[in-house]
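Please read the structure below before turning to the comments.
Residues: numbered from 1 along the sequence shown. Quantities reported herein were computed from a predicted structural model and do not represent experimental measurements.
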Amino acid sequence: LACTSGFTDCSGSCRDLQTDRMNCGSCDTVCDIAEVCSAGVCTFMCLSPLTDCSGICTNLDDDPDNCGTCGTACDETHATGYCADGACGLICDTNYDDCDVDVTTGCEAALMYDRLNCGTCGTACGTDEICLSASCEPFTGIVGTARMVDGTWIPVIYVPCGSGAPGACNATTAKTSCTGIGARVVSHASNGTTEVLSLGATISCYWDTSYFVVDVSMPSDSCLVGISNLEWTSCCGTSSWHGNTLAFGTPGSVFGYVRSADSGYVSTYPNVNGTTWGCVSESSAATNRSGCTQQYVACTP
């Protein structure tokens, strides 16, 4: 059989091997029922209204992993993400809300302790108050915030570590300084105990502290004993601790340090390293930084 140009004789029948599903690329090569023959290759085919997203047929109108376009996932930080008519939406977890009205950040406001959104979005506590159990309560100490690895900012209270004198702040003193006011000491990474709150880091062995803010000016000779890990099975283990003694920032400004490859790193923050100490016994004091005569630790309710 003599076939015209562009066609091939397949068992006595002229076929276009570029588009023929029963003879795709070569005679008798049959494409699957869900495939078409394109340029001589069997290719996955999605029927309307479905779209091919990396070999999976999906409806971009209601797929939370491919919402509106392939690869656009609806963020689920403190929320259940959903997709409706090709746009992401959020169902917030209990005690969280989307106060910044930005689905890409999830439900970022922790209403139980967010001083700017205490109980409800936009309800801000005064400078002499702290948000406890979704209610603004009076507090006369030094307050501020610390950043969880997931981006949530939690309230903290800065208290002297023991007497506050350099050389007095060891792990035990840091913990008791916080438990003495009914709070827990903050650590970038920890297994989490009744005395220690983990900021959620899973990589923290390079003097990471996460990030902090103070609401008032701190004395120029004061510093924060930032704890990298305490009561954590990884890095130093549960019997040692290590960290980074830092200068306080100005009121309202972010200060702290996280290595670029570690948990919670934010490139737009200063990431100024302080004076570090390695994995030492919990009875060993944190290293002091030059010019610091008052050492504080961060506690959270």
Side-chain angles (χ1 to χ4, degrees), residues 142 144 146-147 149 156-180 183-191 193 195-214 217-250 253-266 269-300:
I142 301 167
R147 186 181 186 275
V149 164
V156 292
I157 303 166
Y158 299 102
V159 300
C161 187
S163 66
C169 189
N170 58 35
T172 300
T173 305
K175 288 184 285 188
T176 58
S177 296
C178 292
T179 57
R184 290 176 289 173
V185 68
V186 169
S187 178
H188 189 237
S190 175
N191 293 351
T193 69
E195 298 175 303
V196 186
L197 174 86
S198 173
L199 294 177
T202 55
I203 304 175
S204 179
C205 204
Y206 300 90
W207 304 290
D208 305 316
T209 64
S210 194
Y211 305 103
F212 299 87
V213 172
V214 288
S217 294
M218 298 295 290
S220 59
D221 63 344
S222 63
C223 55
L224 174 68
V225 175
I227 302 172
S228 296
N229 60 70
L230 175 61
E231 308 295 348
W232 195 37
T233 51
S234 298
C235 191
C236 295
T238 56
S239 61
S240 299
W241 72 320
H242 90 290
N244 198 334
T245 305
L246 305 166
F248 280 107
T250 57
S253 66
V254 176
F255 68 97
Y257 175 77
V258 178
R259 193 182 71 135
S260 60
D262 296 350
S263 301
Y265 171 75
V266 180
Y269 291 158
N271 290 297
V272 177
N273 208 347
T275 303
T276 61
W277 74 93
C279 294
V280 297
S281 166
E282 289 196 6
S283 62
S284 297
T287 301
N288 194 40
R289 63 183 295 271
S290 177
C292 176
T293 62
Q294 300 180 68
Q295 291 184 334
Y296 288 79
V297 288
C299 311
T300 191

Interatomic spacing from OG1 in Thr245 to CD in Gln295 - rounded to 0.5 Å: 5.5 Å
Does a donor on one side chain and an acceptor on the other come within less than 3.5 Å for Ser228 and Ser204? no
If you count heavy atoms of other groups shown closer than 6.0 angstrom to OH of Tyr206, is the number above 12? no
Compare every heavy atom of Arg289 with every heavy atom of Leu246, then report the nearest pair and how far apart it is. C-CD, 3.7 Å
Report the distance from atom SG of Cys161 to atom NZ of Lys175, rounding to the nearest 0.5 Å. 11.5 Å
Considering only residues two or more places apart or on different chains, which pairs with a residue in residues 202-214 satisfy salt bridge (charged side-chain N to carboxylate O under 4.0 Å, His left out)? none
If you measure SG to SG, does Cys223 sit under 2.5 Å from Cys292? yes
Evaluate the criterion disulfide bond (SG atoms under 2.5 Å apart) for residue pair Cys236 and Cys205; output intermediate values, then yes/no. CA-CA 8 Å; Cys236 295; Cys205 204; 5.2 Å; no
Closest heavy-atom contact between Val297 and Cys178? CG2-SG, 4.1 Å
Given Cys235 and Cys279, is the disulfide bond (SG atoms under 2.5 Å apart) satisfied, shown in steps? CA-CA 8 Å; Cys235 191; Cys279 294; 4.2 Å; no
Point-to-point distance, once rounded to the nearest 0.5 Å, from NE2 of His242 to CG of Asn229: 5.0 Å
Is the side chain of Ser177 donor-acceptor paired with the backbone N or O of Thr173 at a distance under 3.5 Å, no angle test? yes
Apply the test ring-ring contact (aromatic ring centres under 6.0 Å, His included) to residues Tyr269 and Tyr211: give CA-CA distance (whole Å), side-chain angles for both, the deciding distance (0.1 Å), then the verdict. CA-CA 8 Å; Tyr269 291 158; Tyr211 305 103; 4.7 Å; yes
Identify, with sequence neighbours excluded, every residue that meets side-chain hydrogen bond (donor to acceptor under 3.5 Å, both in side chains) alongside Thr293. Asp221
If you define the side chain from C-beta out and look only at heavy atoms, does anything of Gln294 sit under 4.5 Å from Pro219? yes
All heavy atoms of Val258 vs all of His188, minimum pair found to be CG2-NE2, 4.3 Å
CA sep, side-chain torsions, deciding dist, call: Val196, Arg184, side chain to side chain contact (heavy atoms under 4.5 Å, CB included): CA-CA 5 Å; Val196 186; Arg184 290 176 289 173; 5.8 Å; no
When rounded to the nearest 0.5 angstrom, what distance separates OH in Tyr296 from CD1 in Ile157? 13.5 Å
Please round to the nearest 0.5 Å and tell me the distance separating atom OG1 of Thr209 and atom CD1 of Ile227. 10.5 Å
Under a 4.5 Å cut-off applied to non-hydrogen side-chain atoms, are Asn273 and Asn244 in contact? yes
Which heavy atom of Leu197 sits nearest a heavy atom of Thr300, and at what distance? CD2-CG2, 3.4 Å
Kindly compute the distance separating CH2 (Trp277) from OG (Ser284), expressed to the nearest 0.5 Å. 11.0 Å
Quick check: do Val280 and Trp241 have side-chain heavy atoms less than 4.5 Å from each other? yes
Is a side-chain donor or acceptor of Asn271 paired with a backbone partner of Val266 at a separation under 3.5 angstrom? yes
For Ser198, does its backbone N or O pair with a side-chain atom of Ser187 as donor and acceptor, under 3.5 Å? no
Closest approach of Ala171 to Leu230 (non-hydrogen atoms, all atoms of both residues): CB-CD1, 3.8 Å
What closest approach, in Å, do Tyr257 and Trp207 show between heavy atoms, and which atom pair accounts for it? CD2-O, 3.4 Å
